[in-house]
Amino acid sequence: MPLRKVNVVILILLAVAFLIIVQRNLLNLSDFLHKENPDAGQILPFEAELSKDGRQKMERKAEEIPVLITATEDRLGAAIAAMNSVSQNSKARVVFTIVTMNDTADHLKAWMSKTELKNVKYRIVIFQPELLSGKISKDPKTLEATRPLTFARFYLPVYIPEVEKAIYLDDDVVVQGDIQELFETNLKPGHAAAFSDDCDSASAKGIVRGAGNQNNYLGFLDFKKEAIKKLGMRANTCSFNPGVIIANLTEWKNQNITQQLEYWMERNFQEDLYSNTLAESITTPPLLIVFYKRYSSIDPMWHVRHLGTTGAGNHYSPQFVRVAKLLHWNGHYKPWGRASAFSDVWDQWFIPDPTGKFHPVRRHAD
C-alpha cells in the first residue's frame, strides 16, 4: 500500500478515535451535571422561535397563566374558594392578580399567608374608586355604588400589563378542570375576548328572578332609547355572560376596549340606557354593546351557569355538575349562603378563615 494511502487511513482512524473520546467526555459531563442538579435537564424556560420578520426571538416555554379575580370583604371566602379550586386542579403556572379595596387587603393577606394558599403565586392590587367618577351613580342605595369592584374586569390591561392573554373570573365560581385548557381557548383574529353565549346548550335560557328571560340583548338594554336604536343591534341577539372572560390584551389595547366601555358607562349615567327589567348585571350592558358580534365563544362546559338562580340550579344532575369544568353561582343564591344548589361542591374548595371573620351560612338541620 502506498505510503500516502497509509497516512490517510491513519489520520481517519485518529479522527474517529478523537471523536469517540470527545463524545464520552461530553456524556460524562452531562452525567456529572445531572447529579449536581437533577432538574437541569427538565428546566427549559425558553425556546427559539422565528418571528414573522425572520428574526429569532426567545419565548417562555413554561407559560404563566394570568388570572384576575376580585375580592370584597363581605364575600372574601368566595375568592378564596375560587383560587383554591384553580390551583388544586392545574399543574400550570397560574399567577393571580387579586383586585380588592384598602379595607380588605390585610384580611386577604392573612387568609392567604396562613393557609395552604401561601404557596400560590399572587399579587394584591388596590382598586381606585376614582376610576368610576362620572360613570356610575354615587347613591349608596344603588348596586353600582356598593359593588364598584364589579367593574375591575373593564381594566384588565391596567391590572395585568405586559401580557398578551389573561383570564378574568367572577368570585362565585369554582374550577374543576385544568385552567390551562380554558386559557388555550382559541380567539378568532381581531377578537379581543371570548365569552359564554347565553344560548349555549349547557346553560341556556337562565331565568333571573325579577328580571325575566335574560338570554338576549332585550333583557339588558332599553331599545326605546335613541342611543341604542342608532347602534343597529338586533334585540333578539343572544347575549353572553361576562363572569368568565378570556382576553387577548393586545387586541384589547389596540381597539381601546376600556375607553369604549367607559364611554358607554358615561352615556348610561347621563341617559339611563339599561333595561328597566334588569336585575343585577350592571356590568353586562356596556360589554354587550362594545362586543356586539365581535367575540369568540367559550366551551359551554367551561362556564356552567345559573347555579345561584331560583330553581335553575336544580335542573342540573349531580352527574353533570361533577363533570363540568367550571361552575358559576350567578344569581341571588350563593353557595356560602343558606339556599343554594350544590353548595356541598363549593364547600370542597373553601378554606376556613384563620381570622374567624368569614363563615359560610348554613341552614341548621331540623
Side-chain angles (χ1 to χ4, degrees), residues 70 99 127-158 168 170 191-199 205-245 247 251-253 255-297 305-306 309 328 330-332:
T70 60
V99 183
F127 185 78
Q128 302 299 327
E130 304 85 63
L131 281 173
L132 306 179
S133 179
K135 302 179 183 72
I136 64 171
S137 172
K138 294 182 179 179
D139 184 349
K141 295 180 181 179
T142 65
L143 191 62
E144 293 96 327
T146 57
R147 288 182 56 191
L149 282 177
T150 191
F151 294 100
R153 73 197 83 187
F154 288 9
Y155 300 93
L156 279 167
V158 176
Y168 166 83
D170 270 357
H191 285 180
F195 303 96
S196 294
D197 291 314
D198 283 331
C199 302
K205 298 182 180 179
I207 304 299
V208 180
R209 186 175 186 179
N213 195 333
Q214 286 191 14
N215 69 333
N216 58 36
Y217 272 51
L218 184 60
F220 294 89
L221 297 166
D222 188 347
F223 279 81
K224 295 178 181 178
K225 295 295 175 70
E226 194 63 29
I228 301 300
K229 286 182 181 179
K230 288 182 178 179
L231 292 172
M233 300 183 300
R234 294 178 64 88
N236 63 351
T237 300
C238 181
S239 56
F240 55 78
N241 185 295
V244 177
I245 305 172
E251 285 291 344
W252 193 291
K253 288 181 283 190
Q255 297 178 31
N256 296 316
I257 297 297
T258 296
Q259 290 75 14
Q260 291 188 58
L261 293 168
E262 288 182 322
Y263 170 80
W264 286 107
M265 289 169 68
E266 292 169 357
R267 288 289 299 269
N268 176 68
F269 182 61
Q270 298 162 4
E271 305 172 39
D272 191 22
L273 303 177
Y274 301 168
S275 172
N276 292 328
T277 63
L278 190 63
E280 295 183 352
S281 297
I282 57 175
T283 54
T284 301
L287 287 162
L288 291 177
I289 294 173
V290 172
F291 286 100
Y292 181 67
K293 295 189 175 181
R294 296 183 60 195
Y295 66 92
S296 299
S297 296
R305 306 180 293 289
H306 308 302
T309 304
H328 188 184
N330 60 309
H332 290 283

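All residue numbers in this chain count up from 1 along the given sequence.
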Quick one: are [X] and [Y] in side-chain contact, heavy atoms under 4.5 Å?
X      : Y      : answer
Asp222 : Tyr274 : no
Ile245 : Phe195 : yes
Leu231 : Tyr292 : no

[atom1]/[X] to [atom2]/[Y] distance, rounded to the nearest 0.5 angstrom?
X      : Y      : atom1 : atom2 : answer
Lys135 : Leu261 : NZ    : CG    : 11.5 Å
Gln128 : Ser133 : CD    : OG    : 13.0 Å
Asn236 : Leu218 : CG    : CG    : 8.5 Å
Thr283 : Phe220 : OG1   : CZ    : 9.0 Å
Ser275 : Tyr217 : OG    : OH    : 14.0 Å
Asp170 : Asn241 : CG    : CG    : 7.0 Å

| Option passing side-chain contact (heavy atoms from CB on, under 4.5 Å) with Thr284 (candidates Leu287, Leu288, Ile282) |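 Only match with Thr284 under side-chain contact (heavy atoms from CB on, under 4.5 Å): Leu288.
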| request: Identify the residue among Glu262, Gln259, Met265 that makes a side-chain contact (heavy atoms from CB on, under 4.5 Å) with Phe154. | output: Met265
| Strictly by modelled atom types, are Tyr295 and Asp197 linked by a side-chain donor-acceptor pair under 3.5 Å? | yes
| request: Indicate yes or no for a side-chain donor-acceptor contact from Arg153 to the backbone of Tyr168 under 3.5 Å, with no hydrogens or angles considered. | output: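 Not at all, since once roles are kept as given, no pair shorter than 3.5 Å links the two residues.
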| Any donor-acceptor N/O pair, Lys225 side chain to Glu271 backbone, under 3.5 Å |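 Pair found, side chain donor or acceptor close to backbone of Glu271.
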| said: So if I apply the side chain to side chain donor-acceptor pair (under 3.5 Å) rule between Thr258 and each of Tyr263, Trp252, Tyr155, which one comes out positive? | reply: Trp252
| field | The single option from Asn216, Asp198, Asn215 passing side chain to side chain donor-acceptor pair (under 3.5 Å) against Ser239 | value | Asp198
